[in-house]
There are 2 protein chains.
Amino acid sequence: MTTRKTPNMTKIRQATLDVITVAGHPLSANEVLARILLPCNPATIYRSLHYLEGKGYAHSFVLHCAEHGTERYYMATTPENHHHHWFHCEQCHRFIDLGDCSLAPLIQEYQEKLGIQVTRDTLYLTGICATCQN
Amino acid sequence: MTTRKTPNMTKIRQATLDVITVAGHPLSANEVLARILLPCNPATIYRSLHYLEGKGYAHSFVLHCAEHGTERYYMATTPENHHHHWFHCEQCHRFIDLGDCSLAPLIQEYQEKLGIQVTRDTLYLTGICATCQN
DNA sequence: CCGAATTTGCAAATGACTTGCATTTAACAA
DNA sequence: TTGTTAAATGCAAGTCATTTGCAAATTCGG
């Protein structure tokens, strides 16, 4: 009995990664499903996104917006493995990149002060974007 | 026909507020339900928490933890209406207070730079607390 | 090409949360 | 106090994102 060494980057997984990479901003599973070109079952998209996150190809966070409810949003990991934070417009449902995470010093401080081990930070802002204010 | 001026702070709503106030840390609807002394329907807890948040008596955020899934957590608003941020231990499911939100300057900067109107910020850290590391 | 292990599709299940509706509660005027 | 009426609650069913069990399809390694 041979154990397969590395699970496969299948067509669907690659296509899923392509979709979130091209998008350039966080996408929900439903949005991925709507954009993927391959015929694909919703459950497979969920599994595919799990896979990508597990392998470090994607990051995700759970965001709630009044109009779309609570969903998990995925974005492709950058080459440097930095993660960004985002502003979400509740009106047009668009994301604005707030740039690289700048929480490292703050997190370091908390870790030292409280003896905690931080494995993940979630930060996002919501409100109305410049365009929707007019 | 007279329109009633102010909806009521009913017994259940008051008891709900009491529960999250006494807890001192974020509580999910289920946790409130488990702690409230009055006989009360789950749906009413949800409605009650909505009410409290709408009136400014409570704040909430959605957090995902591997063991408990995705849930909204509520905490009582402080007298100064400051909101805190929290660390959540994925092992013992306890919250540690990270203190007052220190994002104001950062948010102000984003608002000016991007012309956005930020109505809400969500920040929390997850990981393993000091106790659970041993 | 064969056999084992992984992946996918499909359908049902889960779980948080919401909603419609009938009933109960409570505010307000008389 | 009592009747009227809006608001609050209980109950049950519905919604929606996500997960899971299982059978069928795919694919890797030999």
Side-chain angles (χ1 to χ4, degrees), chain A residues 1-20 26-55 57-58 60-74 88 93 122, chain B residues 1-20 26-55 57-58 60-74 88 93 122:
Chain A
M1 187 200 79
T2 319
T3 304
R4 190 168 303 170
K5 264 147 284 163
T6 45
N8 231 313
M9 177 63 85
T10 63
K11 284 179 208 164
I12 289 180
R13 287 170 178 172
Q14 183 62 56
T16 304
L17 181 53
D18 290 348
V19 165
I20 60 178
L27 248 42
S28 69
N30 279 326
E31 290 169 330
V32 172
L33 187 59
R35 292 173 187 222
I36 202 167
L37 297 176
L38 278 50
C40 181
N41 190 277
T44 303
I45 292 292
Y46 284 105
R47 287 193 271 232
S48 183
L49 289 167
H50 283 168
Y51 171 85
L52 294 173
E53 186 161 35
K55 286 288 170 183
Y57 298 130
S60 78
F61 61 93
V62 173
L63 175 142
H64 175 90
C65 111
E67 196 179 338
H68 294 78
T70 302
E71 280 180 287
R72 184 171 287 274
Y73 291 84
Y74 293 83
H88 176 253
H93 192 60
T122 301
Chain B
M1 184 199 79
T2 319
T3 304
R4 188 168 305 169
K5 263 144 286 161
T6 45
N8 230 310
M9 178 62 86
T10 63
K11 284 179 208 163
I12 290 181
R13 287 170 178 172
Q14 183 61 57
T16 304
L17 181 53
D18 290 348
V19 166
I20 60 178
L27 247 42
S28 69
N30 278 328
E31 291 170 329
V32 171
L33 186 59
R35 294 174 184 219
I36 202 167
L37 296 177
L38 278 49
C40 180
N41 189 278
T44 304
I45 293 292
Y46 284 104
R47 287 192 271 231
S48 183
L49 289 167
H50 283 168
Y51 171 85
L52 294 173
E53 185 161 35
K55 286 288 172 187
Y57 298 129
S60 77
F61 61 93
V62 173
L63 175 142
H64 175 91
C65 111
E67 198 179 337
H68 294 78
T70 303
E71 279 180 288
R72 184 172 287 275
Y73 291 83
Y74 292 84
H88 175 253
H93 193 59
T122 300

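Proteins get letters first, then strands, A, B, ... in listed order; numbering begins at 1 in each. For the numbers below, each heavy atom of this structure counts, side chains included, while hydrogens, waters and symmetry mates do not.
- For the pair B:Leu49 CG and C:dA16 C1', the interatomic distance rounds to 13 Å; values are reported in whole Å.
- Here A:Thr10 reaches the OP1 or OP2 of C:dT8: one of its side-chain N or O atoms lies under 4.0 Å away.
- Heavy-atom nearest nucleotides on DNA chain C were determined for B:Lys11 and for B:Tyr46, and the one closer to the 5' end corresponds to B:Tyr46.
- Between A:Tyr51 and A:Tyr57, the ring planes are tilted. Angles from 30° to 60° get that label.
- Between the CZ atom of A:Arg13 and the P atom of C:dT6 there is a distance of 11 Å, given to the nearest Å.
- Put simply, NE2 on B:His50 is 14 Å from P on D:dT9, counting in whole angstrom units.
- For B:Ala43 and B:Asn30, each mapped to the nucleotide of DNA chain C holding its nearest heavy atom, the one lying further toward the 5' end belongs to B:Asn30.
- Rounded to a whole Å, the CG atom of A:Asn41 is 13 Å from the P atom of C:dA12.
- Residue-level contact check: A:Arg47 touches the bases, meaning some heavy atom is under 4.0 Å from a base atom.
- Note on A:Ser28: nothing from the nucleic acid sits closer than 4.0 angstrom, heavy atoms only.
- Between the P atom of C:dT6 and the CD atom of A:Gln14 lies a distance of 21 Å, rounded to the nearest Å.
- Between the side chain of A:Asn8 and the main chain of A:Thr10, no donor-acceptor pair closer than 3.5 Å is present.
- When all heavy atoms of B:Val19 and B:Ile36 are compared, the pair lying nearest together is CG2-CA, 3.9 Å.
- Among the atoms of the strands shown, none is found under 4.0 Å from any heavy atom of B:Ser48.
- Of the two residues contacting DNA chain D, namely B:His64 and B:Thr44, the nearest-nucleotide position lying further toward the 5' end is that of B:Thr44.
- Taking 4.0 angstrom as the limit, B:Asn8 places none of its side-chain polar atoms (N or O) nearer than this to OP1 or OP2 of D:dA8.
- Residue B:Met9 contributes atom CE, which lies 16 Å from atom C1' of C:dA26 at whole-angstrom precision.
- Considering every non-hydrogen atom in both B:Tyr74 and B:Ile20, the closest pair reads O-CG2, 4.1 Å.
- Residue A:Leu33 contributes atom CG, which lies 11 Å from atom P of D:dA17 at whole-angstrom precision.
- Between the side chain of A:Glu67 and the backbone N or O of A:His93, no donor-acceptor pair lies under 3.5 Å.
- Between the OH atom of A:Tyr51 and the C1' atom of D:dT18 there is a distance of 21 Å, rounded to whole Å.
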